[in-house]
Structures are given as C-alpha cells and as structure tokens.
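Quick caveat: nothing in here was measured; it's all calculated off a predicted structure.
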Amino acid sequence: MSKKFPEYKGLDLPKVNNDVLKMWDDNDTFRRSLRSRDGKGEFVFYEGPPSANGMPGIHHVMSRAIKDTICRYKTQQGYEVKRKAGWDTHGLPVELGVEKSLGITREDIGSKISVEEYNAACRKDVMKFTDAWEDLTRHMGYWIDMDNPYITYDNRYIETLWWLLKELYKKDLLYEGYTIQPFSPAAGTGLSSHELNMPGCYKDVKDTTCIALFNLIRNGKSEFLFSDSDTAEVKIMAWTTTPWTLPSNTALAVGHDIKYARVRTTNPYSGDPLTVILAEELLPVIFAPDKKLEYTVTGTYRGSELKDIDYEQLIDWVKPDDGAFRVVTGDFVTTVDGTGIVHIAPTFGADDYRAGREHGVPPLLVLMSDGFQAPLVDRRGRMVPLEDLDQAFIATRVNTETYGPFAGRYVKNEYDESLPEGADTLDVDIAVMLKQQGRVFRIEKQVHNYPHCWRTDKPVLYYPLDSWFIRTTALRDRMIELNNTINWKPESTGTGRFGKWLENLVDWNLSRSRYWGTPLPIWMTDDRQEEICIGSLAELKIEITRSIDAGYMMHNPLANFVEGDNSAENYSLLDLHRPFVDEIILVSPTGRPMRREPDLIDVWFDSGAMPYAQAHYPFENKENFSEMFPADFIAEGVDQTRGWFFTLHAIATMISDSVSFKNIISNGLLLDKNGNKMSKRLGNAVDPFIIIDQHGADPVRWYMLTNAQPWDNLRFDLSGVEEVKRKFFGTLYNTYSFFALYANVDGFTGKEPQVPVERRPEIDRWIISLLNTLMKEVTERYDDYDITPAGRAISDFVTENLSNWYVRLNRKRYWGGGLDEDKLSAYQTLYTCLETVSILAAPLIPFLTDRIFVDLNAVSGRHSEDSVHLVAFPSYDKKLIDRHLEERMEIAQKISSMILALRRRVNIRVRQPLAKIMVPVTNGQFKKKFEAVRSLILAEVNVREVEYVDDTSGMLIRKVKPNFKLLGPRFGKKMKEAGAAILAMTQEEIAEFEKLGARNLTLDGEAYAITTDEVEIISEDIPGWLVANEGKLTVALDITVTEELLHEGIAREFVNRIQNIRKDSGFEVTDKIRVVIEELPSVAAAVRKHADYIAAQTLALDISLAPSSALTSPAVRETDIEDQMVRVLVMKV
RNA sequence: AGUCCCAUAGCUCAGUUGGUUAGAGCGCUACACUGAUAAUGUAGAGGUCCCCAGUUCAACUCUGGGUGGGACUACCA
C-alpha cells in the first residue's frame, strides 16, 4: 500500500504554524537555505535594527513581512541571502525610559545617580524585550539570523563607528561649529527635535517685527550710491521677526543676482527724507498702496554690486571683533518676504553663522567674567547682565550708557515671572528705541507659529551651542546622483520625499549632550587649539601609553587589549561608553593634556553605519567586504526616509562613494480600522502576538501585503484577516483536500509517468496555460519588488480559475472508474497546480505553503528538498501558454454566467434541462472558438444544444458602436455628431454597411467614409427570445420546457432526492439500494422513462412505482418534486 | 510653514498609454446548488469617481487651484 496524501479535518492555521515551525527546527531549514545555488552568489540584505526597549507592534509585522518575502524569494531564486539581525541600543528613547523607571530626571544624572550606574541601567533596559522580539520574529515566520546579531553598544561596533568618524575627519568632513538648537531657558536645557514634535508644542504667537534701517558708510565702495543722492545718508532696510537679535547683528546679506532699487521716500515716523535700498521686486509690498507712502526709484543695482559695502552698527551696545558690519551675499536670500536683505546675527542663526564664517564676518560675542566667550544673550534668556561680564571687556568694548538699561532683561517676557501680563517686551522696547533714532521703517505685530517647551510651556529659544557636524552638504550633489540610481518603491518616495530632502540638505549635526550612546572620539586641549581623532582601539592604546609617559594617566585601561584579536573576550576588557572614555586623558603633540569632547553622537549614525559596523569593518571582513556591500535590498517604514534611509545613504556616499542599497521598499503606516494611528494609550493598538496566535501568521501576512500596496497606509481590520482566511486560505485548503480525498481513493501518487500535455483535454491545457501565465506574472512582479500584485494574481488564480472553474467543472472526472488516462491527466494537472502555487506563494505565506508542499511531496517524491523554501523557484514554459485557449475559456465562463443569469430571470433551475441556446455568429472565427468550448458550456448550464444564428436569418437586431479611439482623432470636434449618426443607423443600413465594408457618413453636408474596422457591430437582440448580452457577447436561451425535458428534469430531481436520502440514512457511498416511488400522475411517466438513469446514478438495483398505500414503512420520506409532495422509500440491499 | 502620500459603492481595494454601461471582494436582499458541504454559485440594490477651473472631439485618468486625512521636516530674515 502506497503512502497517502494527508487529509485534515479542518483548516487550523495556528496548528499549521506550529507544526511547520517545528519541522523547520528539526530540519534546520533556515540555515540550510543559506547557500548559493547555480552560482547565483549573494543577494545582500540589510536589517534595520529595531530598538528592543519597546514591545514589538503589529506594524513591525508589516515591514518584516515585506523583508521576509523578498529574501525568501531571492533564496528560492538561488541566491545566498544572509540576514543578520541587529539591535539599536542607544539613544534618547532608551534614556527617557530609564529615567522614567528610575524616577529621575536628566539633571539628576551625575548627582543622584552616577553616569556609570545610569549607563548600566540603560544597557540592561535596552534589551528588556529581546525575548518578545525573538518570539514574534519566530512566530511570524521572519527568517533572520538572531543568533549572531549586531548590537550597536558592542565595543567592536563602536570601534567601526570611530573608524568611520576618523575617515570623515581625515576628509575634513567632520568639524566643530555652532548649531542653533532649540533651547528652553526656562528649563535650562536643550530640546531634541523629538521633544519639539510633541503635540501642542507649536503654537501661534504674536510677535513684534520690524524693518530696521542701517546707515551705509560713504567710502570708495559705496560712492556710487551717494554721489547723485539728495540726502546725506543712504540706508539699507532689513526685516526681522526677532528684534532682540538686532544688537547682535554683524552683517547684512543680499542675494547675488537679486535686483535692488535705491528709493527716495520719507521716513514714515519722522517724516524725514529717506534714501533707502531694498529689493526691487518687493517695492509694491513695502510701499503698498494703503501705506500712502510716495517713493521714487533713483537707481537699480544687482546684489553683487552691493557686496562688501560697509555700514554703521545699528545698536552700539557691544563692539565686535574687526570685520563686522559689511554687506555680504548669501544663496539663502529670497524675495518671498521681508525686504530682500537679511539681517545677520551669527550667534542666533544657522544661515547667519555660515554666512558670517564664509565672509569672515565675526559673530558678536562677549567675554564673560569666567573667561569664556558667549553670545549677548545668556542661557537663562537674558541680555547678559553687566556683572557677569569681564571688567576689562566692559571697559574696552561695552557702551554701558546705552546697554545699561537693557542689560539683564529677558528676551521673552515669559521667562520673567515678575513681569505683569501685557508688559512691553524687549522686542518692543528695542523697536521703540530705534524709532526714536530714526532707524526703523516699520514696526508690526505678526502672528506666526513658534515652538514651546513641553515641560514649561514657555517659548523655546534658538540658541547657539557648540556642536560637531558632518559636512554632508559637501557631498550633496553626489548623494543626489547616487540616489537617482536607486530603485525606490514607491518611486515617489525616492524622487520626492527623499530627493527633495537631499536637495535641501544641511550639515548633519552629530552632537548629542547625553550619556548613553557612542562617544565622540575626539580629544582636545582646553584652549581648543590641538585635537586628535581616534579611529581604533589600537590607536587609543598607543595614545594612552604616551599619556602615561607624559604623566597624565596612571595606568592603561587597554593594557591587556590585544590588537588584531577580534574575540568578544578581548573586546570586553574595556567599555567605550561614558564615563570610562571620559577618564582617558591624552597628550597633545606639544605635551599638553587633552580631554574628550563630552558629546555623544547622534544614534542615527549608529544605525546608518551598520553596513560597516555589523561586519566590524575594516578590522574584520576587509577582503570580502564587497560581498556584503552595498545592499541589494532594504525595506522599512516610510518614516525612516530622513532617518535610516538617509544615514545609510550619506555614510556610504562619504565613505565608499557608493549607494548603500540598490532597491528599497518603504511601506506606509499601519492604522486602526478607522484610520487612526494606533497607540497604546488609545487602546486601539493591535497585539501581534494575539493575532498570530489566533489566526496564524500566514493570513496576517497575506492580508497586509495584498490588501493594499505596502506604501499606502493600511487600515488594519481584523475582519479583513478573517475574510482572507475564508476566501483564499479556505479555498486553497479545500482544493488540496479535494485532491487528497480522491487521489487517495484512486491510489494516485504523483509518481505516475506524466501524460504529455498535448494529450490532455482542453480544460487541463487551459489551467496549465493560466498557471504558466501566473508563473510569468508572479516572477516579474517579485523581480520588480511589487509584492501586492503578485499575491493578488495568485489569489485570483486559486479562487477564480482553479477552484471555481477548473475543479468545479471537472469534479466528475475524479469520480468512479479506474485510473485511465483522462483521470490521470486530471490528477496530474491538479497536482501540478497545487504544487506550483505552493512554491509561488511560499515567499508570502511560508507556513501553509510548506505544509502543502511537504504533504504532496511526501507521496510523490518529485522533489529531493524537504521544504518548499529550499526548492528552486520555477520558471514558466512559454510553450504551455496558449492565449487563444485562455480567451476561449473566458468566452465559456462569460456565456455560462450569462445563461445562468437568464435561467435565474425566469426561475428555471439548473437541474431542469433546456433544449437549446442560440448564439449569433457573424464571423467564422468566433464560431470556431465557441465550438471548442461548446460542450463545457452546455454541461455547465444544462442545455442540450447550441444553434448558431447568422445575420442571413434576419432574426438578429444589430447595433453599431463607434470605436472612439480610432474615430476620435479623425473626426475631432465632429466626433459627437459622427457618433450619433453611427448609432442612428437602421438595420438595413447596418446590413449594407457590413456587406460593403464601408459607408459614407454625411455631416454638415460633408461626406466621410468609414469602414467596418472603425466600428464594432454586435448582435444585441433576438426578438422573441430571452437574450443577454455583455460586451461583444450575446446569447439567447430557449426556455420552452417540453414534456420530454420536463421528464428528464424530474428524473434529475429524483436523483438528487435519493442521494440526499442515502446520505441522511448514513449509507456508504458504495452501498446498493432499492427504491420505491409513490405512483403519482405528475411523476410516474418520468420515472418510468428514466428508471435506468436514476438507478445508475444512485446505485439502485431497481426503481419501482407503488401506490401510496403500499408505502407505509417508517423509512418512507416525503419530498417536494415540482410542487408536489412525493413519497419515496430507499432501502439498503 | 515646507515637502511628499492618499481620496472611486456602506467597508477594503482594482481601474493599463485619456475612448463612452467605472469593476472585485466583504456586507445587505433574493434565489440556486449540494458526491469539495462549518464549502459554493447566480442575481439585485448600492457611485456627483472629494470640490472648482483648465486642456481635449472625449477626463475617474492629464494640468492648475482648493478641501479633507496622513507622514516627514522645520529658527530661512
């Protein structure tokens, strides 16, 4: 006895999940799949590291399903797809989580808790949910190597980061500069952008803005502006929304190519004559009609001509270093608002700082009593009080008379609790002061959106802080160029969101003033004159040795570290985190001590460096690095565009002049079923563990990937998962069960010699053709990283074609009799479909497909592999695709559905045979096609014969429809008219038109010739018949039920009833019976005539008729035939 | 504020290079089938293709401008 195909009681997907997982474990399937076949080589995939300090959510299932699908597909294609898991372990979320659980704030670190203890807590906390993550990974079927993950806090990982930073340093891409960071004077702390993006942080506030007037200095450079002016002074105007920064002004910026006008007008406050420069384009805005100011343009100039002109300091409180108060040019200057001239205060603006640096304009700094230089506003948000300033500095640089009244004032009233509401702001007072001096043109209140501190609810100040930057702007063009070679899914994220981001790139601020993260490997002398960037532990060890020699350190923490030994033990001899690195003091070339810059680096650098750091490059994997870089494929949520996607791209461009990834899918968000963001707080978050536990991973994956394109947001609705389960999984499983049931009965094993396809019946060749078409499409879609259409195509094939048409129409072929060639052909065809579908769908739904594959293969032994995931992805056979065959079957499906609809319309059930259908045929081709599927249709709709009607019969009503696509370009504006004329043709005209193949249309007295190729002629109706038409197809049904047909119908009814009775009575399918039917006039004749037929169908030895009185046995049943109750007795022999 | 995405039936989604009856599934209603049966089929109802303007003989489709939802980024004076 040969092996049987397993049959199951029902579809239990969670059980399939667990069984298959066990099978994978037992067979070590994942590890064995990691190999290259047919010399295909590597397909490089990068895993974006999640942070294990939070529980995984359902959205993680989404991106991981995408990643897994592609990786499994490529594996099946023969590539070796290594997948190293990774953990992102640094960063603010981790720190905030620890602070919360320890009940401390940032200020407590270093006092209530040591940095060492704090970081130890972070290190522990960050891997808190590792188990949950691994559990989810396993149960959702995400194949990734979790045994050897990369961990960003690992010393080896950090060593690579240091190496990268040093490479950037050597290329002069790493520099220290100001960054204008959100800073909360009220809280005394800087704010991260993530804190700034908390809801409610941005609020509309009303601030005082002013247009200030700067006096130009008359000298050789500016003479051309003065020589023909009738005023002694020529001024230049600049707009600001932050008048409190005006005392820190040291430059004015104009656009190089912007046109400026010199205008003669009057000062609106003093009425004095005024000659002033501003952008020509903005004249109508500044001198808007309602302002009632007269003006005359007395000259126009390009921005470049104004360059380097000197001007007087606007507010003479503090004297800056030499080189200030010049007009410079800047590419950031626009004429969208303001005056086309930008006030530059390098201490309070990023653009300002850069412009100042570029043109050698110094920032306005003050010398504090502690010897450090600082901006004119202190960290509490005050104009620096006089008592905080260095005395000598005050004596030489500060105008105490003018500055005195303003010193110590807060730049925003909100910072000063003592001020009454509505008190004048510093902005207002400065503006008023300028007004009195005739140095302001306009003062206005303006409402704008401004960020507030989430802790104190007070305005944030943008404040200059020392920071380290990566000069990403230097590589901007190259990044754009390289980005254009990346295959983005969807394309718009690459060209749009990401492309635009690159175009507007600013330098990457790397510094973070935190504790738990990768330390910046830069040591500096106190006067910041000497510095060193460390790029490896070996280098650090040498430097420490030198420091010990110089007497700055007592012992070397790296004393036992062995260079070149990459073992975990060797690297666990030390800790590169704070506070340990901070205890290392190095010695400068001139023998002075150097301390580490206290900053950490942005965690995004950690993750963006993973292509290098996961390999501990270049300390390891130096020779084979080209096999792991760049990635062929990555996938993450679209929210990573400016995060991981960018940092990967930036680092790869800067270090390797290469893309980091060649293909990318960025998926959208996962929302709840109402379209709201999922959040634990709202309680609408879906727990992936519960869902997978209850429904299995396959339906969840399938639903996520086929319901909508992955880059659209998905509204996750559980009923969608259930629908998919019923519709696709249920059908696929049923099809398998059907196959297994009969194959086992017939002893079909799949080992039989294949019936050549050309000898198989039309319908087998049809489904094989469709199957090959499917293979082609699915392969193309997967190759294009277009998962959704691939899945949908598989689903359509299984539910529509395989189950609903092929299996349904062929059921009879599997019943009874021996295993003849036709039956064998049917089994083999169905087997091939099931097996192929399991392979095609395996990347998407790895569990059920492996179950089906293994179950099939266990009997047939057709494959040597013990898992579908080890089997090569099949390629389609072009020779087996027969478009005409597919088209014919489509006609059959449509016609059948139309006839069934007609039957429904007149309420004649399908069991009642009907005599004939009529099909209009106006060309031989259609008739040939129809003829090929005739018997299928007739069987499906239970009709005896088909009659072809051509137009010579005169029975058809024809209709001409214009082909707009062809005629439109010809007729142009007359198309509407022409269309109407064509539709208006009479039956005679149509007949003639068709005979001649051409015809003249007369429009507006003009004749146009049209041919039958330019229209579509269909037979729409056959008068007197029941007709249906759809598109080009028309069919008529003869609904006359003759006595003969009626009898046959009745016979079929009896077959049906007797079968039901057999089943109800619990007879075996093979039991023989005797049947007695009540002799009633309405049925007796039919029963007599078709007794043999009924007997054959129901395995009855004989069918007899008897009067009602003879039917008294308790086994007698009553049944309704043709609205009449009939008694039937079925007895087992 | 900027950039990008989305908007088609009650719900979830298709809709090829613009072409004249805008589709599917679910749900609802009715019917049928019943040797795949805790399956299946057929039909019906259900649409201002978000709004406005433009291009065109022709717009769900292309262009512009809005509206609504979402994401990211954000001191450009």
Toward the 5' end of RNA chain B, by each residue's nearest nucleotide, Thr735(A) or His343(A):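 Result of the comparison: Thr735(A).
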
Nearest-nucleotide 5' precedence on RNA chain B, Gly730(A) against Glu1053(A):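 First, find each residue's nearest nucleotide; the 5'-ward one identifies Glu1053(A).
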
Describe the nucleic acid contact of [X] in one word from base, sugar-phosphate, nothing, applying a heavy-atom distance below 4.0 Å.
X: Asn804(A); value: sugar-phosphate
X: Phe498(A); value: nothing
X: Asn707(A); value: sugar-phosphate
X: Arg808(A); value: base
X: Arg792(A); value: sugar-phosphate
X: Thr240(A); value: sugar-phosphate
X: Ser803(A); value: base

Side-chain touch Tyr260(A)/Ile236(A), heavy atoms, less than 4.5 angstrom: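 No; the side chains remain at least 4.5 Å from each other.
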
Salt bridge present between Arg1057(A) and Glu1053(A) (N-O < 4.0 angstrom):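 Answer for the salt bridge query: yes.
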
Integer angstrom distance from the P of G19(B) to that of A59(B):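 To the nearest whole Å, 11 Å.
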
Nucleotide of G19(B), A36(B), A14(B) approaching Phe964(A) most closely (side-chain heavy atoms):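 The listed nucleotide nearest to Phe964(A)'s side chain is G19(B).
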
Rounded to the Å, how far apart are [X] [atom1] and [N] [atom2]?
X: Asp717(A); N: G10(B); atom1: CG; atom2: C1'; answer: 13 Å
X: Lys727(A); N: C26(B); atom1: NZ; atom2: C1'; answer: 9 Å
X: Arg726(A); N: U12(B); atom1: CZ; atom2: P; answer: 17 Å
X: Glu723(A); N: G27(B); atom1: CD; atom2: P; answer: 7 Å

Near-ring test Phe646(A)/Trp604(A), centroid separation under 6.0 angstrom: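 Centroid separation for Trp604(A) and Phe646(A): 6.0 Å or greater.
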
base_contact_polar (U20(B) base, Lys965(A) side chain, donor-acceptor, <3.5 Å):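 It does not, because no donor-acceptor pair links the side chain of Lys965(A) to the base of U20(B) below 3.5 Å.
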
